[in-house]
Amino acid sequence: MVLFGLLLLPVLLLLLLLYFIVRPRPINIPIKNRHVFITGGSMGIGLAIAKQAASEGARISLLARSVDQLQKAKESICQAYEVEVSIFSADVRDYDAVERAINEAGSIDVLVVNHGVYYVEEFETQGLDVMKTMIDVNLMGSFNVIKAALPLMKDRKDKGPASIALMSSMAGQVGTYGFAAYSATKFGLRGLAEALQQEVLENNIHLSLIFPPVTETPGFEPARKTMPEITNIISSTSAGMKAEEVGKITIQGIKSGSFSIPCKLDGRALAIATAGLSPQRCFIMASLEVVFAGLFRFVALLLQWNWYGIIEKKKITEKKKQ
Ligand SMILES: NC(=O)C1=CN([C@@H]2O[C@H](COP(=O)(O)OP(=O)(O)OC[C@H]3O[C@@H](n4cnc5c(N)ncnc54)[C@H](OP(=O)(O)O)[C@@H]3O)[C@@H](O)[C@H]2O)C=CC1
Ligand SMILES: CCCCCCCCCCCCCCCC(=O)[C@@H](N)CO
């Protein structure tokens, strides 16, 4: 009993301390009757996020390139929910086109920067042009969207809590074989989010980063077929998800104002292992991070041991074949 009390006391003190010091402070971001603008919202994870937001009574705007696909997405949302849906065709690499679309859409309460492309291949064979495409779309495209939206977001009428949510990936927490350029873009989004949060908190704007594992989407189909076997094995460490599940978790995470939004239990462990100096609003999660950091670092080292073993074996069998 006494021993139990002695163990419990420091945990309680830690919880109490973190309850007072976590920054930014916890926040809830309402979705109902607010304007949710989603890039890459015409299919896959983006469309799933749109449907979830629509089911909770938000006004929806979708941005992507293909007008056909946007039209289909709009129809599928309007069939299921009675909400207003606007669509905008623009390439996120074209700043002027993005700015025009966003100005037409009007002040945004929740900006979901979800668009993205992924081409999976070893660094040595992947062309620089393909790498540059990923950087231009995933990273510069995200800068373009936020740059165009921020002035309007700051000027929003209701001044209620607003959100900028960026779609990263587990490959934005762990550099993964075959994902050199892609991982770089997704790690890049984290730097952007951490820095920008410090600048826009005074405007009641709150950043989120979502870290899904492999997810069944139209875009993932071709990627699955061409990815190196080692990439397939390593990325299978975390079980795949359906776009609808990621959509639900994304909206839930945004509403609860979470900075990091992992998608499953192992994702939560990975978020703790890679917490670094990122903000944490929830004192319970903050306490878990403090207590479990060492243990999850150990698990991470075991994973690296496993992955490097797999890579070594594959390279040996490849050499034997030659
Ligand atoms: N699927 C997965 O396994 C995972 C995906 N992610 C991330 O989730 C996000 C969505 O992925 P997913 O749903 O699979 O992707 P999809 O390929 O299924 O859909 C991508 C969306 O982005 C749009 N898009 C692509 N390029 C541009 C561009 N240059 N300008 C404007 N819009 C563009 C597409 O429309 P259009 O082509 O018409 O422009 C489409 O709406 C991406 O950021 C991805 O990196 C993260 C983890 C896992
Ligand atoms: C300490 C606890 C650890 C928990 C397990 C960690 C597993 C990491 C696996 C990395 C998978 C990367 C998949 C990205 C898929 C993607 O982004 C798509 N675009 C793919 O095409």
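Both ligands and their constituent atoms are indexed starting at 1 by order of listing.
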Measuring from non-hydrogen atoms of Gln69 to any atom of ligand 1, is the shortest distance under 4.0 Å? no
Kindly indicate whether the side chain of Ile164, heavy atoms from C-beta on, has any atom under 4.5 Å from the side chain of Met153. yes
Which atoms from ligand 1 have a heavy atom of Asp91 less than 4.0 Å away? 28 (C), 29 (N), 30 (N)
Starting from atom 22 (O) of ligand 1, which protein heavy atom do you reach first, and at what distance in Å? Gly40 CA, 3.3 Å
Heavy-atom donor-acceptor pair, Asn33 side chain to Ala58 backbone, under 3.5 Å: no
Nearest protein heavy-atom contact for atom 17 (O) of ligand 1: which residue, which atom, what distance? Gly219 CA, 3.2 Å
Nearest-option assignment for atom 41 (O) of ligand 1, heavy atoms, candidates Gly46, Ser42, Ala50: Ser42
Numbering as shown, the atoms of ligand 1 that approach Ser66 to under 4.0 Å (heavy-atom distance): 38 (O)
For Ala243, state whether at least one heavy atom is located under 4.0 Å from any atom of ligand 1. no
Show the atoms of ligand 1 that are less than 4.0 angstrom away from any heavy atom in Pro218. 18 (O)
Using non-hydrogen atoms of the residue, decide whether Ala48 is closer than 4.0 angstrom to ligand 1. no
Using a heavy-atom cut-off of under 4.0 Å, does the side chain or the backbone of Met170 touch ligand 1, or both, or neither? neither
Any atoms of ligand 1 less than 4.0 Å from a non-hydrogen atom of Tyr182? List them with their elements. 6 (N), 7 (C), 44 (C), 45 (O), 46 (C)
Would you mind running through ligand 2 and noting each atom that sits below 4.0 Å from a heavy atom of Asp266? 4 (C)
Using distance alone, determine whether Thr237 and ligand 2 share an N or O pair under 3.5 Å. no
Tell me whether the count of non-hydrogen atoms from other residues, nucleotides or ligands lying under 6.0 Å of CD in Glu122 goes above 12. yes
So, do Val174 and Met170 sit near enough that their side-chain heavy atoms are less than 4.5 Å apart? no
Shortest protein heavy-atom distance from atom 15 (C) of ligand 2, along with the residue and atom involved: Val214 CG1, 3.7 Å
Just to be sure I'm reading this right: ignoring hydrogens, which of Tyr182, Phe292, Tyr119, Phe298 gets closest to atom 19 (N) of ligand 2? Compare them by their nearest heavy atoms. Tyr182
If you group Ile, Leu, Val, Met, Phe, Trp and Tyr by side-chain heavy-atom gaps below 4.5 Å, do Tyr95 and Val137 land in one group? no
Answer yes or no: does atom NZ of Lys157 have more than 12 heavy-atom neighbours from other residues, nucleotides or ligands under 6.0 Å? no
Tested for side chain to side chain contact (heavy atoms under 4.5 Å, CB included) against Thr250, the lone hit among Lys255, Glu245, Met167, Gln52 is Met167
Which one holds for Asn114 and ligand 1: side chain close, backbone close, both close, or neither close, with close meaning a heavy atom under 4.0 Å? both
From CA spacing to verdict: side-chain contact (heavy atoms from CB on, under 4.5 Å), Lys264, Met241: CA-CA 9 Å; Lys264 287 184 290 134; Met241 289 178 77; 3.7 Å; yes
Closest non-hydrogen protein atom to atom 5 (C) of ligand 1, residue and atom name please, with distance? Ile45 CD1, 3.8 Å
Between Glu121 (side chain only) and Gly127 (backbone N and O only), is there a donor and an acceptor less than 3.5 Å apart? no
Measure the distances from the heavy atoms of Ser168 to every atom of ligand 1 and state whether one is below 4.0 angstrom. yes
Can you spot which of Thr39, Asn138, Asp91 makes a side-chain hydrogen bond (donor to acceptor under 3.5 Å, both in side chains) with His115? Thr39
Is it true that, when you exclude Glu312 itself, more than 12 heavy atoms of the residues, nucleotides or ligands shown sit nearer than 6.0 Å to its CD? no
Any heavy-atom pair between the side chains of Glu289 and Phe296 that's under 4.5 Å? no
Atom 2 (C) of ligand 1: closest protein heavy atom, distance to 0.1 Å, is Thr215 N, 3.5 Å
Closest protein heavy atom to atom 9 (C) of ligand 2, given as residue, atom name and distance to 0.1 Å: Ile234 O, 3.9 Å
Looking at Ala90, which atoms of ligand 1 are within less than 4.0 Å of one of its heavy atoms? 30 (N), 31 (C)
Counting each atom of ligand 2 from 1 as listed, which ones have a heavy atom of Phe179 under 4.0 Å away? 20 (C), 21 (O)
Could you tell me the residue and atom name of the protein heavy atom closest to atom 25 (C) of ligand 1, and the distance to it rounded to 0.1 Å? Arg65 NH2, 3.6 Å
With a cutoff of 4.0 Å, is Glu216 in contact with ligand 1, counting heavy atoms of the residue only? no
Hydrophobic cluster membership, Val113 vs Met140, 4.5 Å side-chain cutoff: yes
Provide, to 0.1 Å, the distance between atom 10 (C) of ligand 2 and the closest protein heavy atom, together with that atom's residue and name. Thr176 OG1, 4.0 Å
Trp307 side chain to Thr237 side chain, donor-acceptor N/O pair below 3.5 angstrom: yes
Starting from atom 20 (C) of ligand 1, what is the nearest protein heavy atom, named by residue and atom, and what distance separates them? Gly116 O, 4.0 Å
Ligand 2 to Ser235, heavy atom cutoff 4.0 Å, flagged ligand atoms 11 (C), 13 (C)
Is it true that the side chains of Arg156 and His35 contain a donor and an acceptor less than 3.5 Å apart? no
Of the protein's non-hydrogen atoms, which lies at the shortest distance from atom 48 (C) of ligand 1, and what is that distance? Pro213 O, 3.1 Å
Ser169 neighbourhood, listing ligand 2 atoms whose heavy-atom distance to it stays under 4.0 Å: 14 (C), 15 (C), 16 (C), 17 (O)
Around atom CD of Gln304, are there more than 12 heavy atoms from other residues, nucleotides or ligands closer than 6.0 Å? yes
Test your reading of the structure: does Val137 have an N or O sitting under 3.5 Å from an N or O of ligand 1? no
Just jot down the ligand 1 atoms closer than 4.0 angstrom to any heavy atom of Gly44, in number order. 13 (O), 18 (O)
Do Ser258 and Ser256 have side-chain atoms, one donor and one acceptor, less than 3.5 Å apart? yes
Taking the six-membered ring for Trp, are Tyr118 and Phe220 parallel (under 30°), tilted (30 to 60°) or perpendicular (over 60°)? tilted
In the protein, what heavy atom is nearest to atom 15 (O) of ligand 1, and what distance, to one decimal place, separates them? Tyr118 OH, 3.6 Å
Top protein contact for atom 12 (C) of ligand 2, by heavy-atom distance: Ala171 N, 3.8 Å
Tell me whether the count of non-hydrogen atoms from other residues, nucleotides or ligands lying under 6.0 Å of CZ in Phe292 goes above 12. no
Which segment of Leu303 sits under 4.0 Å of ligand 2 when only heavy atoms are counted: side chain
Atom indices of ligand 1, in the order listed, that fall short of 4.0 Å to a heavy atom of His115: 22 (O), 43 (O)
Near Val214, which atoms of ligand 1 are under 4.0 Å from a heavy atom of that residue? 3 (O)
Should we count CG of Leu8 as having more than 12 external heavy atoms under 6.0 Å? yes
